[in-house]
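Report on one structure; see the data block that follows.
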Protein chains: 2
Amino acid sequence: MRLLYVEDNERLAQNTSASLKSNGFTVDCVHTGEDALHAAQSFDYDAIILDLGLPDVEGISVLKSVKEAKPDVPFIICTARDALEDRIAGLDAGSDDYVVKPFHVSELIARVRAVLRRPGGALGVMLVAGNITLNTAERTVMVGDEPARLSRRELDLLDLFMRRKGRILSKDVIENALYGFDEPPTPNAIEVATHRLRKKLQDLNATAAIHTLRGIGYFLEDHDT
Amino acid sequence: MRLLYVEDNERLAQNTSASLKSNGFTVDCVHTGEDALHAAQSFDYDAIILDLGLPDVEGISVLKSVKEAKPDVPFIICTARDALEDRIAGLDAGSDDYVVKPFHVSELIARVRAVLRRPGGALGVMLVAGNITLNTAERTVMVGDEPARLSRRELDLLDLFMRRKGRILSKDVIENALYGFDEPPTPNAIEVATHRLRKKLQDLNATAAIHTLRGIGYFLEDHDT
DNA sequence: GCGAACCTTACATTTGCCTTACAGGGTCCG
DNA sequence: CGGACCCTGTAAGGCAAATGTAAGGTTCGC
């Protein structure tokens, strides 16, 4: 689950993004509207958290620009209590929800989850591949009828593979999905991560496996459909 | 047990919420209809206490809005003695009970407990996990046939775990369930609380234990069902 | 068979949780 | 009013799982 968090107040940004990260999200944090546009173009975020009152570009215009290119990305707007018109404008412009500043991080997290749970959203779906099932809401995995004990990375990786079941994922794609751009790993990190995931799945006799395409990427086999 | 208390008179609010807290409830106190709507959206309260005669939004409309989104949240309305029609209107709109102002705090508490004890309510249930039984009405815990002496926090925590037996609870979920939003603890507080609870359960040879999932949360093991 | 890409293992770091000790505040007595 | 408790959050240190890094082995394609 990768989020873009647009907030000009650096300290607030630091704190909040740390909390989001510790809740299992991958977070890219930017401080200007321009950076936000840039980032939103470069990656497919699962949701974008946007603070209104940015210094350079009017916040709402960021929202509009991004929505034009990617209409399906859910937005959550953060706004001051008294800026009621802004809120309305935000919802008109296609924001999916908003939180009123000052807000609790837990509230923000709840809203993000709620937005992701909506129809077409990323959460609340049951992913299936062979005898593997991944409950994206609870973040639990079953292989056959045994629960799988996966670490955070392993689960994120499996989540990614199952969402793109049967399709080929290059290392770059995987890297972008799992790591924020302030934490670039060596290419090997992904190899090791997939190795660990494969091992756990194998040990549980999973009937779907991750295959390698030399020089191209990986894919999760898909004999159902 | 987390309550939302909507009352515009600040002094009264202060006193009453203090009493509620000292009776084992976690209380969020707000003074306007807007805040009430906001809070009710953000968290799952076990019950909402609503004073009619709020300054900004008509009280009943708060009730209606919340009930629309969350039909199961019980409401208790506080109203002046002479506002009989309001009472009727309140009950029509889906309030579950009311108290007449001025009221004794003990009466309010009794009503809250009564509402929570109703079918589908939070109280009056017997929770079981292994040889642990929690009487939610009396707030007592037995392990095997030994009574467990738990503090308020420990009991609330165990209550939470037993209601969500087998499911994973992140620290945030726990924090939201146990702490009002004007008393945010450090993450460590929850670690310490679970540690204390675990120790007591262990000392009493409980057959169900709380397990840790690193970076994800905790869960109460569940071999019955 | 050669090299590149990947797998695998071992190692080091980081992170998150456990644990203990301590301090403030509340409560129940004398 | 004061002291002895208990409850509970904070702080700090240690430990172990998680995860990235590095290094060598293996496999595949050419």
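Protein chains get the first letters and strands the later ones, always in sequence-line order, with residue 1 at the start of each. Because the structure is predicted, anything quoted here is derived from the model rather than measured.
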Could you give the [atom1]-to-[atom2] distance, from [X] to [N], as a whole number of Å?
| X | N | atom1 | atom2 | value |
| --- | --- | --- | --- | --- |
| B:Glu183 | D:dT10 | CD | C1' | 16 Å |
| A:Glu154 | D:dA17 | CD | P | 14 Å |
| B:Lys21 | D:dC7 | NZ | P | 20 Å |
| B:Asn188 | D:dG14 | CG | C1' | 13 Å |
| B:Arg198 | C:dC18 | CZ | P | 5 Å |
| A:Lys200 | D:dT19 | NZ | C1' | 11 Å |
| B:Leu150 | D:dC6 | CG | P | 15 Å |
| B:Leu178 | D:dC7 | CG | P | 17 Å |

- request: Report the residue (B:Ser151 or B:Glu191) whose heavy-atom-nearest nucleotide on DNA chain D is the more 5′ of the two.
  value: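 Whichever sits nearer the 5' end wins; that is B:Ser151.
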Check the phosphate of [N] against [X], side-chain N and O only, distance under 4.0 Å to OP1 or OP2. Yes or no?
| X | N | answer |
| --- | --- | --- |
| B:His195 | C:dC18 | no |
| B:Tyr218 | C:dG16 | no |
| A:Tyr179 | D:dG20 | yes |

query: Relative to each other, are the rings of B:Phe219 and B:His211 parallel, tilted or perpendicular (30° and 60° limits)?
result: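 Rings of B:Phe219 and B:His211: parallel, under 30°.
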Side-chain donor/acceptor contact of A:Arg214 with base of C:dA5 under 3.5 Å: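 Indeed there is one.
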message: Could you check whether the side chain of B:Arg196 and the base of D:dG9 have a donor-acceptor pair of N or O atoms closer than 3.5 Å, going by distance alone?
response: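 Result: at least one qualifying N/O pair found.
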query: So, the side chain of A:Lys200 versus the backbone of A:Arg149: is there a donor-acceptor pair under 3.5 Å, distance only?
result: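 Yes.
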task: Give B:Lys171 one of three labels, base, sugar-phosphate or nothing, depending on what nucleic acid heavy atoms sit under 4.0 Å from its own.
output: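 B:Lys171: backbone/sugar contact only, no base atoms under 4.0 Å.
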task: Looking at every strand, decide which applies to A:Arg153 at a 4.0 Å heavy-atom threshold: base, sugar-phosphate, or nothing.
output: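 Here A:Arg153 touches the backbone only, sparing every base.
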task: Could you check which of C:dC7, D:dC7, D:dT21 has an atom nearest any side-chain atom of A:Thr212?
output: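 Of C:dC7, D:dC7, D:dT21, C:dC7 is nearest to the side chain of A:Thr212.
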- request: Give the nucleotide from the list C:dC7, D:dG20, D:dA11 with an atom nearest to the side chain of A:Thr194.
  value: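 Nearest listed nucleotide: C:dC7.
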field: Residue mapping more 5' on DNA chain C - nearest nucleotide basis, B:Val192 or A:Lys199
entry: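 It is A:Lys199 whose nearest nucleotide is closer to the 5' end.
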message: Nearest heavy atom decides the nucleotide; on that basis, is B:Leu213 or A:Gly215 closer to the 5' end of DNA chain C?
response: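 So the residue in question is A:Gly215.
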message: A side-chain contact here means heavy atoms from C-beta on lying under 4.5 Å apart; do B:Glu175 and B:Ile190 qualify?
response: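 Result yes, sub-4.5 Å side-chain heavy-atom pair found.
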query: Quick one: do the A:Arg117 and A:Thr136 side chains pair a donor with an acceptor below 3.5 Å?
result: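 No - no donor-acceptor pair under 3.5 Å links their side chains.
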message: Checking side-chain polar atoms at under 3.5 Å, does A:Asp28 have a donor or acceptor matched by the opposite partner on A:Tyr45?
response: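 Yes, A:Tyr45 and A:Asp28 have a side-chain donor paired with an acceptor closer than 3.5 Å.
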